[in-house]
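Read through the structure below, which is laid out as structure tokens, and then see the notes.
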2 protein chains.
Amino acid sequence: MPPAEEIESIIRAARLRVTRPRVAVLSAVHEHPHADTGTIIDAARTELGDLSHQAVYDVLQALTDAGLVRRIQPSRSLARYEARVADNHHHIVCRDCGAVADVDCAVGDTPCLTPSEAHGYTVDEAEVIYWGRCPACAAPSTTQHR
Amino acid sequence: MPPAEEIESIIRAARLRVTRPRVAVLSAVHEHPHADTGTIIDAARTELGDLSHQAVYDVLQALTDAGLVRRIQPSRSLARYEARVADNHHHIVCRDCGAVADVDCAVGDTPCLTPSEAHGYTVDEAEVIYWGRCPACAAPSTTQHR
DNA sequence: CGCGGAAACTTGAACGAGTCAAGTTTGGGT
DNA sequence: ACCCAAACTTGACTCGTTCAAGTTTCCGCG
């Protein structure tokens with residue numbers, strides 16, 4: 001969780017204008033890894049007071065384009081954002097509650113980045129999602145899952 | 001593209017009731033790999049005449065639960081379905097036009113199915129999506145991509 | 001230090017894939 | 001042939017996301 005000044009310089013370093021909404025949104029993404037848009041809107045409003053949802057969508061788009069955040073969207077889930085970028089890690093998603101956790105790659109730095117037959121496609125990224133159940137949902141009796 | 005009788009027996013073998021909507025939808029998924037829901041609805045209607053969109057959603061859900069089709073949903077894309085199941089293959093998605101192609105796994109049968117640290121999760125599937133550009137969109141001058 | 005313009009934000013309406021709910025039809029077991 | 005739970009129809013509705021028009025603000029430049 002970098003302090004506000006560091007957030008500012010991160011934004012500035014990406015050649016983006018520094019605005020209060022952008023600082024608030026980027027902070028929110030740092031503080032809430034894998035949060036969906038609604039959660040980010042709430043967190044940014046807590047920090048700023050008023051803020052339109054449209055601004056948050058715009059900011060997230062700008063930050064994504066600049067490579068400061070990454071957007072992930074597992075099936076049956078809303079869009080989620082994370083600030084861990086450019087370090088090649090992957091995700092485990094719980095089939096029941098949708099919780100997301102980070103996983104470092106199993107095989108070296110760029111796992112499976114070589115499809116056997118690419119059909120002429122130019123590949124630049126391999127995204128891996130592990131599906132399963134989180135500890136809470138896997139527990140048999142404690143909670144009635146879903 | 002199996003004939004109608006074979007589609008029927010596939011459905012019956014999964015202990016599902018055989019109905020005309022189900023046969024039409026499963027045929028459509030076989031005939032249009034990676035099609036989104038709208039395309040499947042159109043294809044099924046072409047075969048059947050009238051058919052409610054709700055029925056298609058129900059059928060796709062039932063077929064997915066039974067393991068007869070697989071649902072995939074790359075970021076920024078609608079839900080797509082395919083009939084190739086239980087053979088561990090993955091997908092290449094074009095960043096520009098959204099086209100999807102199949103890829104057999106690079107490393108053996110169950111690629112990367114072992115995350116380095118699973119955070120207590122029980123993992124049962126590893127889904128890999130390669131991101132890049134399809135031959136048409138990668139071509140520099142021919143088509144103005146997007 | 002203040003101006004100017006483009007980028008960023010606000011407001012409010014609209015879109016559309018997917019879901020919900022209530023009523024009717026139908027497959028297939030007894 | 002009967003029956004009923006499963007499957008389908010109809011139609012309204014939800015809500016994450018996008019679109020559009022107008023206003024504000026950041027920041028390079030003089």
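As a basis for the values below, the full set of heavy atoms in this structure was taken, side chains included, without hydrogen atoms, waters or symmetry mates. Residue numbers begin at 1 in each chain, while the letters A, B, ... track the order of the sequences.
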Fill in the blank from the handout: Those residues at least two apart in sequence (or on a different chain) that pass ring-ring contact (aromatic ring centres under 6.0 Å, His included) with His91(B) are His34(B), His89(B)

Handout entry: Pair Thr39(B), Asp36(B): side-chain N/O donor-acceptor within cut-off below 3.5 Å
Key = yes

Handout entry: Whole-Å gap separating P (dA7(C)) and CZ (Arg15(A))
Key = 14 Å

Problem - Test: Arg70(A) and Glu127(A) ion pair at under 4.0 Å - result: no

Exercise for the section: Compute the angle between the rotation axes at the two ends of the helix from dC1(C)-dG30(D) to dT30(C)-dA1(D), each taken over five pairs, rounded to 10 degrees. Expected result: 40°

Problem - Other cluster members, Leu68(B) - Ile/Leu/Val/Met/Phe/Trp/Tyr, side-chain contacts below 4.5 Å - result: Ile7(B), Ile10(B), Ile11(B), Leu16(B), Val18(B), Val23(B), Val25(B), Leu26(B), Val29(B), Ile40(B), Ile41(B), Leu48(B), Leu51(B), Val56(B), Val59(B), Leu60(B), Leu63(B), Val69(B), Tyr81(B)

Practice task
For each nucleotide in nucleotides 11-22 of chain C, reading 5' to 3', give B when a protein heavy atom comes within less than 4.0 Å of its base, S when such contact involves only the sugar-phosphate, and - otherwise.
Solution key: BB----SBBB--

Problem - Pairing of Asp104(A) and Arg84(A) as salt bridge, 4.0 angstrom limit - result: yes

Practice task
Please state how far atom CZ in Arg45(A) lies from atom P in dC9(C), giving the value in whole angstrom units.
Solution key: 14 Å

Handout entry: Under 3.5 Å donor-acceptor, Arg71(A) side chain and Ala79(A) backbone
Key = no

Completion exercise
Closest non-hydrogen contact found for Val103(A) with Tyr130(A) is CG2-CD1, 4.0 Å

Practice task
Find the distance Ile11(B):CD1 to dA6(D):P and express it as a whole number of Å.
Solution key: 18 Å

Handout entry: Spacing between Tyr81(A) atom OH and dG16(D) atom P, to the nearest angstrom
Key = 13 Å

Fill in the blank from the handout: For nucleotides 23-30 of chain D, 5' to 3', base contacts (B), sugar-phosphate-only contacts (S) and non-contacts (-) with protein non-hydrogen atoms under 4.0 Å give --BBS---

Fill in the blank from the handout: Using a 4.5 Å side-chain heavy-atom cut-off and chaining through intermediate ILVMFWY residues, the residues clustered with Tyr57(B) come out as none

Practice task
Please state how far atom CG in Leu60(B) lies from atom P in dA7(D), giving the value in whole angstrom units.
Solution key: 14 Å

